[in-house]
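Beneath this line is the structure, given in structure tokens, with notes to follow.
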Amino acid sequence: MPEGHTLHRLALDLTDAFAGQQVRVGSPQGRFDAEARQLDGQVLESAEAWGKQLFLEFPGERFVHIHLGLIGKLAITPYDGEVPPPVGQVRLRLVGREHLADLRGATACDLWTLEQRDACVAKLGPDPLRDPEDGGDPDRAWKRIGGSQRSIASLLMDQAVLAGVGNVYRAELLFRHRVDPLRPGASLSRRQWDAMWDDLVGLMRTGVERNRIDTVRDEHTPEAMGRDPRVDDHGGEVYVYRRAGQPCHVCGAVIRTAALEGRNLFWCPGCQRRYRPRTAVRAVRGATPRR
DNA sequence: GCGTGATGTTGAA
DNA sequence: TCAACCTCACGCC
């Protein structure tokens, strides 16, 4: 689940469930035990997301830093009376008045100082889910993208360029703007980038509201097109992500996939026409066709 | 029931 | 470029 929308949604849900309360903090699995002991019984002051990073603030400028990675989950559940025993490898457990939260499979769960938190945040590009004055300024991303010969597909996934975008939003954003994933960042116009950013803000806000990624426009929904809704663990309605070999909802061309920097890229060869620069010969690197 | 792959990142080779 | 992290839904038996 974890692109930026998941972490922002978790921050909201954690705030509702725990903020302002004394919480029991534990690490049934043990790997966070020493840190958990220091926080046990303290008030959870706030929960905040920056891109895919999640920070839980405790008194004394101490922050639990969580990064879910690919397979991590943070499950918040209400309980009534007895607290159920942990199931599986629970790295971190928070117990409040009415809810408990269990963290499993995360890449990172650390107890950080304010300085460590600030250093992490300082390395991140702007987050479309944050206010422009508070970490969500698209100009900062454009400064990196507009001058780069790297592919826009690579740039969008680079958390130092843009924070919170993952493989699904990348593929879908490029599709919605009919952009060839391998185009150099510098070949985009400022106007085009602004349109992409604005779109991303809307898509990701919808993602926070629905807690899933939906990117198809009204005219391409299953209801509008009379097609079956998507059924898999991703769940959202999308144009190209994990649809390789299937027909494009818009033009009918067969969706393609290729590995780029270790991640699967998906695009429609009909809607996202190959970009060819006017002058220089473009070097195509790093993309290996598959299937 | 078992094997696979996945919305991510780090650190070693 | 690849293994590791260590979860969970899915397809297939």
Side-chain angles (χ1 to χ4, degrees), chain A residues 1-10 27-32 49-55 65-77 86-93 101-110 112 116 119-121 123-125 127-129 153-175 181 200 203-216 228-246 257-267 285-288 290-291:
Chain A
M1 309 276 225
E3 296 196 25
H5 70 298
T6 304
L7 289 119
H8 280 267
R9 175 58 181 261
L10 278 171
S27 179
Q29 175 215 46
R31 279 182 61 185
F32 193 64
W50 283 82
K52 298 170 189 169
Q53 319 287 328
L54 179 63
F55 297 101
H65 166 248
I66 293 170
H67 194 292
L68 294 179
L70 184 59
I71 63 177
K73 304 267 191 280
L74 181 51
I76 304 168
T77 48
V87 176
Q89 299 272 308
V90 177
R91 178 103 56 97
L92 168 68
R93 169 170 270 197
D102 281 341
L103 176 69
R104 297 184 185 84
T107 293
C109 178
D110 309 294
W112 277 2
Q116 288 174 300
C120 173
V121 166
K123 288 178 193 156
L124 297 172
D127 177 347
L129 288 171
S154 174
L155 289 161
L156 289 175
M157 290 277 279
D158 184 339
Q159 302 299 298
V161 174
L162 198 59
V165 170
N167 210 10
V168 184
Y169 281 122
R170 164 175 79 171
E172 295 299 306
L173 185 71
L174 291 171
F175 176 89
L200 197 48
L203 289 172
M204 292 183 75
R205 284 182 182 167
T206 301
V208 173
E209 282 164 25
R210 300 186 190 171
N211 212 3
R212 65 178 222 178
I213 301 177
D214 286 297
T215 62
V216 297
D228 289 336
R230 186 183 180 93
V231 278
D232 66 10
D233 57 338
H234 160 244
E237 284 298 330
V238 292
Y239 286 108
V240 294
Y241 176 71
R242 282 226 250 174
R243 293 198 64 247
Q246 297 176 243
T257 187
L260 176 70
E261 294 170 359
R263 307 302 300 278
N264 292 323
L265 186 59
F266 300 88
W267 76 98
R285 288 180 313 245
T288 315
R290 198 169 85 175
R291 192 166 6 210

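Chain letters run A, B, ... following the sequence lines, proteins first, then strands; residues in each count from 1.
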Contact class for A:Y241 vs. all strands (heavy atom < 4.0 Å): base, sugar-phosphate, or nothing?
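Sugar-phosphate contact only.
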Please give, in whole Å, the distance from [N] [atom2] to [X] [atom1]?
X      : N      : atom1 : atom2 : value
A:K73  : C:dA9  : NZ    : P     : 7 Å
A:R230 : C:dC10 : CZ    : P     : 11 Å
A:R170 : B:dG8  : CZ    : P     : 9 Å
A:I71  : C:dC5  : CD1   : C1'   : 6 Å
A:D110 : C:dC5  : CG    : P     : 16 Å
A:R104 : C:dA9  : CZ    : P     : 11 Å
A:L162 : B:dG8  : CG    : P     : 13 Å
A:L265 : B:dA6  : CG    : C1'   : 16 Å

Tell me, do [X] and [Y] make a side-chain contact under 4.5 Å, heavy atoms counted?
X      : Y      : value
A:R170 : A:L265 : yes
A:L103 : A:C109 : yes
A:M157 : A:R263 : yes
A:Q89  : A:R104 : no
A:L200 : A:V165 : yes

Of all residues at least two apart in sequence or in a different chain, which pass the salt bridge (Lys or Arg N to Asp or Glu O under 4.0 Å) check with A:D110?
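If we apply the salt bridge (Lys or Arg N to Asp or Glu O under 4.0 Å) test to A:D110, skipping adjacent residues, there are no hits.
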Please write out the pairs of protein N or O atoms and N or O atoms of nucleotides 9-13 of chain B separated by less than 3.5 Å, giving the distance to one decimal.
from	atom 1	to	atom 2	distance (Å)
B:dT9	OP2	A:K52	NZ	3.3

Between C:dC8 and B:dT10, how far apart are the two C1' atoms, rounded to whole Å?
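My reading of the C1' atoms in C:dC8 and B:dT10 gives 22 Å.
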Considering just the side-chain nitrogens and oxygens of A:N167, establish if one lies under 4.0 Å of OP1 or OP2 belonging to B:dA6.
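Indeed not, no polar side-chain atom of A:N167 lies that close.
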Once you measure the plane-to-plane angle for A:Y241 and A:F266, does it fall in the parallel (<30°), tilted (30-60°) or perpendicular (>60°) bin?
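Because their plane-to-plane angle is over 60°, the rings of A:Y241 and A:F266 count as perpendicular.
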